[in-house]
Structures are given as C-alpha cells and as structure tokens.
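Taking it in order: structure first as structure tokens, then the write-up.
If you read the sequence from its start, that first residue is 1, and numbering goes on from there. Counting convention: from 1, in listed order, for ligands and their atoms alike.
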Amino acid sequence: MSTGGLVLLLSGPNLNLLGEREPEVYGTATLDDHVAAATSAAVALGLTLEHVQSNHEGDLVEAVHGARGRAVAIIVNAGALTHTSWSLHDALAAFDGVVVELHLSNPAAREPFRHTSTIASVADGCIAGFGGLGYPLAVEAVSRILADRR
Ligand code: DQA
C-alpha cells in the first residue's frame with residue numbers, strides 16, 4: 001500500500017535520553033533507533049518521515065504549526081507533556097491531518113497522573129504499551145487511515 005505524503009514524528013521532553021533513562025520502563029533502544037524503525041516503515045509504505053524532538057513545549061507547538069498544510073499526519077509521543085499540555089492539544093486541534101498518539105509504556109497501567117491525556121481528544125487513536133514496536137505500528141496506522149480516507 002502506498003499513500004504518499006509527509007509524516008511528522010514529534011518527540012517530547014526527555015525522550016532524547018531513551019536508552020539511558022529508566023530502561024526497565026522504556027527499554028534500551030535509543031530515540032535514534034525508534035526514528036530509524038519509523039523511517040523504514042514509512043519508506044516501505046511510500047511515506048516520508050520528518051522527526052522533531054524538543055524538551056520545550058513551545059518548540060513542539062511550533063512544529064505542529066509548521067506541519068499545517070505540509071504534513072498528512074503527525075505521530076506524537078509528547079512524553080510528560082501528554083498529561084499537562086493544553087497548548088499542544090490546541091495546536092493539534094488546528095492540524096488537519098491524521099494524529100496518532102504514541103507511547104512506549106502503557107500510561108493507563110502506571111501512576112494516576114499518567115492516566116490523563118490532553119492529546120487523546122484530538123488524536124485519531126493511541127498506540128501505547130508495545131515498546132519500540134509502537135513506532136512502526138503508528139506509521140502503519142497512519143498509512144491505513146490515509147488509504148481509507150482517500
Ligand atoms: C511516555 C509516557 C509518559 O507518561 C512519560 O512522561 C514519558 C514517556 C511513553 O512513551 O511511555 O516521557 O510518553
């Protein structure tokens with residue numbers, strides 16, 4: 001299946017530390033490893049992947065603004081901003097394409113503060129709890145949703 005188009009993969013705070021950060025929760029793969037897996041999946045499906053990581057909320061908001069009219073989808077692992085950021089929620093609400101919320105761990109099975117997502121209501125769906133497998137799965141989900149919409 002080849003749908004074409006640009007997919008923005010957004011990575012929030014502390015995800016740059018993957019591989020070193022709480023490996024018992026997040027695994028030993030680095031963010032570069034996950035981006036490489038997502039990129040391979042995208043290329044196989046005829047999509048182009050662009051990745052932005054930032055520890056700053058405003059940078060992520062601006063990356064979403066920059067995707068407007070340019071990207072067909074956003075895959076977002078917002079890290080802890082998932083649980084707090086209404087500005088990211090509002091930015092994603094103003095984005096026209098597919099939005100997939102992504103997490104390595106399963107926040108619903110963790111501390112209560114992780115049970116709320118500000119992004120969930122503006123996402124088409126969420127992939128969580130499958131570790132690094134979630135990255136290619138999210139790209140696959142984008143491709144299938146786009147194919148269904150065309
Ligand atoms: C995370 C889950 C969040 O609760 C946490 O703050 C993260 C990573 C995940 O991928 O499992 O930084 O988004």
Side-chain angles (χ1 to χ4, degrees), residues 5-45 47-68 70-146:
L6 177 67
V7 178
L8 174 65
L9 172 62
L10 263 189
S11 300
N14 303 307
L15 296 182
N16 55 310
L17 297 182
L18 287 175
E20 297 169 29
R21 173 193 181 206
E22 298 179 81
E24 66 288 357
V25 178
Y26 299 117
T28 52
T30 65
L31 184 56
D32 281 351
D33 295 334
H34 297 311
V35 174
T39 301
S40 300
V43 168
L45 292 164
L47 295 163
T48 303
L49 193 116
E50 185 177 292
H51 177 238
V52 173
Q53 189 277 329
S54 178
N55 296 318
H56 304 280
E57 187 171 6
D59 289 348
L60 299 170
V61 167
E62 285 180 1
V64 173
H65 294 176
R68 283 160 47 83
R70 207 168 61 87
V72 294
I74 297 177
I75 297 169
V76 52
N77 184 346
L81 289 175
T82 303
H83 317 301
T84 62
S85 178
W86 291 108
S87 57
L88 200 50
H89 165 281
D90 285 355
L92 289 166
F95 174 73
D96 230 2
V98 176
V99 176
V100 176
E101 179 181 350
L102 173 64
H103 301 285
L104 290 156
S105 66
N106 178 4
R110 299 181 63 196
E111 306 96 311
F113 79 88
R114 297 185 204 276
H115 297 182
T116 301
S117 166
T118 61
I119 291 164
S121 62
V122 287
D124 290 271
C126 178
I127 294 173
F130 300 114
L133 179 59
Y135 283 79
L137 285 177
V139 174
E140 173 82 24
V142 163
S143 173
R144 290 190 180 212
I145 294 166
L146 289 173

*Would you check if the side chain of T82 reaches a backbone N or O of S117 as a donor-acceptor pair within less than 3.5 Å?*
no

*asked:* So, taking the atom named CD in E140 and the one named CD1 in I145, what distance separates them when rounded to the nearest 0.5 Å?
replied: 10.5 Å

*asked:* What I want to know is whether A80 and ligand 1 share at least one N or O pair that is separated by under 3.5 angstrom.
replied: yes

*Verify, without hydrogens or angle tests, whether S40 (side chain) and A36 (backbone) share a donor-acceptor contact under 3.5 angstrom.*
yes

*Heavy atom of E101, distance to ligand 1 below 4.0 Å*: no

*Can any side-chain N or O of R70 pair as donor or acceptor with the backbone N or O of L6 at less than 3.5 Å?*
no

*Do any N/O atoms on R21 end up under 3.5 angstrom from N/O atoms on ligand 1?*
yes

*Selected option - heavy-atom contact closest to atom 5 (C) of ligand 1, from H83, H115, R114, H34*: R114

_Closest protein heavy atom (residue, atom, distance) for atom 9 (C) of ligand 1_ = L104 N, 3.4 Å

*Between H103 and ligand 1, find which residue part has any heavy-atom pair under 4.0 Å and reply side chain, backbone, both or neither.*
both

*To the nearest 0.5 Å, what is the distance between CG (N106) and CZ (F130)?*
8.5 Å

*What protein heavy atom is closest to atom 11 (O) of ligand 1, reported as residue, atom name and distance in Å?*
S105 OG, 2.6 Å

*Does N77 reach ligand 1, in the sense of a heavy atom lying below 4.0 Å from it?*
yes

*In terms of ring plane angle, is the pair F113 and H83 parallel, tilted or perpendicular, where the classes change at 30° and 60°?*
perpendicular

